[in-house]
Each structure stands twice: as C-alpha cells, then as structure tokens.
Amino acid sequence: MSTKIEILEFTKDLSPFFKEINLPWVEGLFSVEPVDQAQFDRPEEVIIGNGGTIIFVKLGEDIAGTVALQKVEEGVFEMIKMGVKPEFQGHGLGRVLGETIIGRAKEMGGRKLVLYSNTKLKTALNLYEKLGFQSVVPEEGKYCRCDVKMEMNLS
C-alpha cells in the first residue's frame with residue numbers, strides 16, 4: 001500500500017471520529033453499555049482526563065481507525081475501543097494501532113496491558129495474539145458482552 005500512514009494524537013477536532021469508528025461495530029455486534037456511551041460522548045473527560053490516551057490512524061487524507069488506553073490503576077492500562085473503518089480493513093492498520101498503543105502504554109509507565117473482547121471477534125483476537133497478548137480467565141461482570149480477557153506484561 002503506497003498511501004501514507006500517520007498516527008495522530010487526540011484533539012477536539014478528532015473527537016467525533018472516536019465515536020464514528022467504534023459505535024457501528026459495538027451496536028452491530030452487541031449493545032451500547034453505559035460505559036461505552038460515556039466514552040463516546042465524553043472521551044476527553046472519561047478516558048484522557050483519567051490518565052489514558054486516544055490515538056488515531058490516518059491513511060492518506062482519511063481518519064481510518066482509532067484505539068485508546070484507559071488507566072485502570074497505577075501501572076495497569078486497558079486497551080479499549082480499537083476500530084478500523086470497514087473500507088480500510090485488511091491493510092494492517094489494526095496492527096499499526098496495536099503496536100503504537102502498546103508502545104504508548106510503556107511510555108506512560110505501564111507494567112501490564114489488559115483487554116476485553118468477545119469470541120465473535122475472531123480477526124481481532126488473532127491480531128491480539130500476534131501482538132503478544134495472552135488469554136487469561138475474565139472476571140465476572142466487568143462488561144456484559146465480553147467473554148475474553150487478554151493480558152500483556154510490559155516490563
């Protein structure tokens with residue numbers, strides 16, 4: 001692929017893309033939980049304001065995907081809301097987002113990175129394994145839709 005790939009940091013101008021990219025897959029496969037709605041409507045407050053970060057991948061002139069880190073506790077981050085617009089899937093942008101956000105978690109002092117997913121998301125789970133995440137037993141009640149928990153030690 002010859003189109004230029006750029007990683008962009010969260011700005012107010014990019015905020016609508018976080019919801020635009022993630023809402024369709026969350027609604028299409030599951031249902032929007034209150035935690036999702038808060039992250040979509042107030043990402044700056046709910047994610048960044050609590051010690052996390054959001055990045056975007058730009059392909060050519062298009063914002064094609066996004067992923068965020070939610071701070072869980074000191075040294076522990078959760079990778080959340082990784083999404084790539086359907087028309088840009090299959091170009092390795094998920095891997096670019098994953099590798100970049102893992103690096104960001106390390107830069108932010110993370111010792112451990114966790115994620116929650118669902119067995120329906122086979123392509124995503126395959127990517128997470130390639131990135132180095134390992135499956136662990138998920139705790140009860142964290143998210144209604146999640147039946148998979150994966151972790152990665154960063155230190």
Side-chain angles (χ1 to χ4, degrees), residues 5-59 62-73 76-105 108 110 112-152:
I5 297 174
E6 286 180 85
I7 295 293
L8 305 175
E9 301 299 321
F10 179 90
T11 63
K12 280 197 183 302
D13 290 347
L14 293 175
S15 182
F17 290 103
F18 187 69
K19 184 174 184 177
E20 177 188 316
I21 291 167
N22 284 298
L23 183 61
W25 72 259
V26 173
E27 279 184 331
L29 293 168
F30 310 105
S31 61
V32 177
E33 297 179 35
V35 67
D36 298 314
Q37 201 61 58
Q39 291 168 346
F40 292 149
D41 293 345
R42 302 184 323 276
E44 201 165 11
E45 173 190 339
V46 174
I47 299 170
I48 297 170
N50 288 317
T53 192
I54 302 171
I55 61 170
F56 299 87
V57 64
K58 184 177 180 185
L59 183 62
D62 298 297
I63 303 300
T66 186
V67 66
L69 285 178
Q70 178 83 49
K71 187 173 184 177
V72 176
E73 61 187 59
V76 181
F77 290 94
E78 180 182 347
M79 187 173 85
I80 62 170
K81 302 294 186 290
M82 179 188 276
V84 174
K85 290 180 181 177
E87 63 268 32
F88 299 110
Q89 291 175 2
H91 297 290
L93 300 179
R95 177 178 280 281
V96 170
L97 284 166
E99 289 172 350
T100 303
I101 209 70
I102 290 166
R104 194 62 50 85
M108 294 169 67
K112 183 162 70 169
L113 185 56
V114 300
L115 66 82
Y116 295 86
S117 191
N118 187 286
T119 48
K120 290 182 187 178
L121 302 173
K122 301 223 181 299
T123 302
L125 295 173
N126 187 30
L127 172 62
Y128 303 149
E129 285 181 6
K130 287 179 182 173
L131 289 169
F133 284 92
Q134 309 266 324
S135 290
V136 296
V137 177
E139 59 273 88
E140 289 294 317
K142 175 73 175 171
Y143 299 109
C144 296
R145 67 174 168 261
C146 297
D147 60 1
V148 173
K149 179 180 182 183
M150 301 180 91
E151 293 183 351
M152 173 188 292

- Item | Distance-minimising heavy-atom pair for G51 and F77 |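 Result for this residue pair: O-CE2, 3.4 Å.
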- Looking only at non-hydrogen atoms, find the nearest pair between L59 and A64 and report the distance.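 Here L59 and A64 meet closest at CB-CB, 4.2 Å.
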Side chain [X], main chain [Y], donor-acceptor under 3.5 Å:
X	Y	result
S135	M150	no
Q89	V84	yes
Q70	N50	no

Please round to the nearest 0.5 Å and tell me the distance separating atom [atom1] of [X] and atom [atom2] of [Y].
X	Y	atom1	atom2	result
L125	T119	CG	OG1	7.5 Å
K149	S117	NZ	OG	13.5 Å
K81	L97	NZ	CG	15.0 Å
L115	I101	CG	CD1	12.0 Å
L8	I63	CG	CD1	5.0 Å
I7	T100	CD1	OG1	4.0 Å

Would you call [X] and [Y] a side-chain contact if the rule is heavy atoms closer than 4.5 Å?
X	Y	result
D36	F30	no
I47	F18	yes
I102	F133	yes

- Show your reasoning for whether salt bridge (charged side-chain N to carboxylate O under 4.0 Å, His left out) applies to K120 and D147. CA-CA 9 Å; K120 290 182 187 178; D147 60 1; over 6 Å; no
- Task: Please identify each residue that fulfils side-chain hydrogen bond (donor to acceptor under 3.5 Å, both in side chains) with E99, with sequence neighbours left out.
- Result: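 side-chain hydrogen bond (donor to acceptor under 3.5 Å, both in side chains) check on E99 returns R95.
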- With sequence neighbours left out, which residue pairs that include part of residues 123-134 fulfil the side chain to side chain donor-acceptor pair (under 3.5 Å) condition?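 Listed by first then second residue: nothing to list.
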- Any pair counted as side chain to side chain donor-acceptor pair (under 3.5 Å), so long as it reaches residues 5-32, sequence neighbours left out: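 Matches after skipping sequence neighbours: E9-R104, K12-E44, K19-D41, E20-K85, N22-W25.
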- Does the pair I5 and H91 meet the rule for a side chain to side chain contact (heavy atoms under 4.5 Å, CB included), with working shown? CA-CA 10 Å; I5 297 174; H91 297 290; over 6 Å; no
- Message: Pair F88, V57 - check side chain to side chain contact (heavy atoms under 4.5 Å, CB included), show working.
- Response: CA-CA 11 Å; F88 299 110; V57 64; over 6 Å; no
